[in-house]
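Structure record follows, encoded as C-alpha cells.
Please read all numbers here as calculations on a predicted model, not as lab measurements. Values reported hereafter were calculated over all heavy atoms of this structure, with side chains retained and with hydrogens, waters and symmetry mates removed. Here is the naming used below: chain letters follow the sequence lines, and residue numbers restart at 1 for every chain.
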2 protein chains.
Amino acid sequence: MTDKPVQLFIDDLLRRKKLREASKNSDEATYLFHSLSESSIQALLSNSIMQNCAGGKHLVQQGDTPTHLFFIIKGGIKTVRYGADGDEATIRLLHSGETFMDAVIFMGGKSPINAVAIEDSSLLMIPAETVRRHVLQDAQFACNLLKIITRHYKNAMQQIDGIITKTPMERLGYYLLKQHLEQGSDSMDIALTFQKSMIANHLGMTPETFSRVLNRIKKMGIYVDQEKITLRDAYVLCHFCDPDTAHTCPRFNADECPLCNDNLKGYH
Amino acid sequence: MTDKPVQLFIDDLLRRKKLREASKNSDEATYLFHSLSESSIQALLSNSIMQNCAGGKHLVQQGDTPTHLFFIIKGGIKTVRYGADGDEATIRLLHSGETFMDAVIFMGGKSPINAVAIEDSSLLMIPAETVRRHVLQDAQFACNLLKIITRHYKNAMQQIDGIITKTPMERLGYYLLKQHLEQGSDSMDIALTFQKSMIANHLGMTPETFSRVLNRIKKMGIYVDQEKITLRDAYVLCHFCDPDTAHTCPRFNADECPLCNDNLKGYH
DNA sequence: CGCACCATTGATATGGATCAATAACTGTGG
DNA sequence: CCACAGTTATTGATCCATATCAATGGTGCG
C-alpha cells in the first residue's frame, strides 16, 4: 500500500526519532510528526506520494481546491498571491523540513495562495482528506498542526506589523536578526538562503530598495558580500529586536545588549 | 463548579443549538462550539468566567503569557501591535461572537499582540490550559479551532497582499465588499461598525488618507454619509473582487457583474 | 456652553517606486 | 576554455503617492 520512497522516508523518520529520544534533542524541523506514534505516522502517510519537481513549477494555483499537504524533503518553495496586473505579494519563503498548504486545507473552499517551486525540489504529498481525517483520530497530530499554523499566523502578524509601521531598513534588520537566530547565533555569518528579489518582495519592498538598504546597513557594522552577511559583533542586530523575538535570543538581557534592556521597558 | 453567568450562557447556547438543528441554519458566529456535544461544552466551560470591561481597557499586553481564550459576548475588541515609538498596526477588529487569543495560546511563549477593548464589552474567558487540554480530548473541538485560526490566517494573508500590492482605494473597496457580503448582500447599505481611524489603521493607511479615499470613491457610485455607506447598485463593488472572495458572492458569475467574469479569466 | 475627541480638508515634504542603464554572475555550447 | 545569452543585482535620476503637518469643522458629553 505505502509508496516505496515514502516508506523509506518513514523508516528514516523513525530512526532519527529514536536517536532524538536518546539524545533528548528536540528537532523542530519535523514538527509535523512530533510525538506521533509509529502507527500514527504509518496511517498518516499510508497513501502519500513522493514527487520531484523542477524550479519554477507552479504546484498550487490561487483558486485551486487544495488536494495535498506538502512536506518539503529538499529544495525551496514560495507561497505567494498574484494581483490582477501581475504584481505579487510573497507570504512565505520555505526550505526543507517545512510544510505548506497545511493551513489552506482547513480553510474550506479554494486556495487563496499559489505555491511555486523556486528550485528543484522533492516533496512529500499527503492527501488533504487523509490529513483532515487524521486530525479527528490523533489529537496529538491536531495539536502539532495547531502549533505549526499558529506559528505561520504569528509570522504573518509580524509581517503586517513590519510593513505598516517599520521602515525598509528596520524590516531588513529584523529579517537578518531572525535568520541569525535561526541559523545559529554563535556564528557571525548569516547566509541569505533565497534570491534577494524574493526576500525583498517578502519584506514588502522593491529589489532596488532592498539593494540600497543593504548598502546603508554596512555603516552599522553589518558587512555584505553577495549572499553572505558578516556581523561585526553579536549585538549589532539588537537595535532591530522586538519583545517577541527577544526571549528567543540567547543574549537576551545580556549586559552587552545595547537595546534589549532599554527597549523592553518601553513595553512595560 | 461552573460560574452562574457562564451556565446561563451555556444554557442559551444549547437552546439556540437545538433551534438551529431544527431549522438547519448553520450559525457561523459561534463556530467555536460547532458540533460539540453538550457534555463537551460543559467540560470546556466548567471553569470559565464572565467578565465585563470598559472601553479602552487593555486586556492583553504584548509580552504577557496568555492566560485565556476570549469569546466576545457583547462589545468590540481590537488586536494590535505597538511599535517602540507608539505607532500601531491593527491586526483584527472584532465584534460579538468572535474569539481572540485563540491562536496565541498555541504559539507557546509570550503574546505577540495586545488586545484592547474599543467599547464596553462582556467577555467569556476560557482558561488557556483548559483549552489546550480539551483539544486533546475532543477532536471536533480541535477541528473547530483549526478552522477558526485558519480563517484568521487567511485574512492576514489578504491583509498582507492588500498592503503590498493594492492602492488605498482598492483596499477600501475590498474592505467595503467584505463588509457588504458579511452584513447581508441584499441591502444596499453598509455600516462602518468601527471608528474610521481604526479601520484606516487596519487597512494600513492614515485617517487622513482614509477620509480622502472615502471622498474619491463617491464618484464610483458609493455614497458616504457619516458611518453609513450606500451603494448605487449591487455591482459597484465588483471592481474590488478577487478570486477568493468571488465564490462567496451571491452574484458570482452573474451576467451583470462587470468584472467577476473577465477578471477570473486572468487567473486561468 | 465649552471641552474633548474625531473627522475632514488643505498645503507641503519625502521616501520609496519607477524608469533606465550598467554590471556581475550563471550556465551553455562551440 | 572562452564567448555569449539570459538572469539577477546594483546604481543613478526622476516622480508621485501618501505621510506629515497644520487648521478647521462637527459631534457628543459633562
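Checked by atom type, the side-chain pair A/E88/A/N201 shows no donor-acceptor distance below 3.5 Å. Checked by atom type, the side-chain pair B/K57/B/N52 shows no donor-acceptor distance below 3.5 Å. Using a 3.5 Å distance cut-off with no hydrogens or angles, the side chains of B/Y174 and B/T245 do pair a donor with an acceptor.
The side chain of B/N215 lies closest to C/dT9, out of D/dA19, C/dT9, C/dA17. Closest to the side chain of B/S211, out of C/dA17, C/dG16, C/dT8, is C/dT8.
The CG atom of A/D225 sits 9 Å away from the P atom of C/dC25 (whole-angstrom rounding). Distance, A/Q226 CD to D/dA9 P: 10 Å, rounded to whole Å. Counting to the nearest Å, the P atom of C/dG15 and the CZ atom of A/R171 are 14 Å from each other. Protein atom CZ of A/F194 is 18 Å distant from nucleotide atom C1' of D/dA9, rounded to whole Å. The distance between atom CD1 of A/I164 and atom C1' of C/dG16, rounded to the nearest whole Å, is 17 Å. A/F210 places its CZ atom 14 Å from the P atom of C/dG16, with the value rounded to the nearest Å. Note: CZ (B/R216) to C1' (D/dT18) measures 11 Å, nearest angstrom. For the pair B/E208 CD and D/dT24 C1', the interatomic distance rounds to 13 Å; values are reported in whole Å.
Inter-axis angle, ends of the helix from C/dC1-D/dG30 to C/dG30-D/dC1, five pairs per end, rounded to 10 degrees: 30°.
Side chains of B/L203 and B/F210 form a contact here, defined as non-hydrogen atoms less than 4.5 Å apart. Proximity of B/F240 to B/L176: side-chain heavy atoms (C-beta onward) are nowhere separated by under 4.5 Å. Within the 4.5 Å cutoff, the side chain of B/M50 has no heavy atoms near those of the B/L123 side chain.
Remark: A/R232 is not positioned above the aromatic ring of A/Y223, lacking an NZ or CZ atom under 6.0 angstrom from the ring centre and at most 45 degrees off the axis.
Between A/T209 and C/dG15 there is no side-chain N or O to OP1 or OP2 distance below 4.0 Å. Listed pair A/S197 / D/dT8 fails the phosphate criterion, with no side-chain N or O lying under 4.0 Å from OP1 or OP2.
Among the heavy atoms of the strands lying under 4.0 Å from B/Q195 are primed sugar atoms or P, OP1, OP2 only; no base atom is included.
Interface remark: the A/R212 side chain does not form any donor-acceptor pair with the C/dG15 base, using a distance-only criterion of under 3.5 Å.
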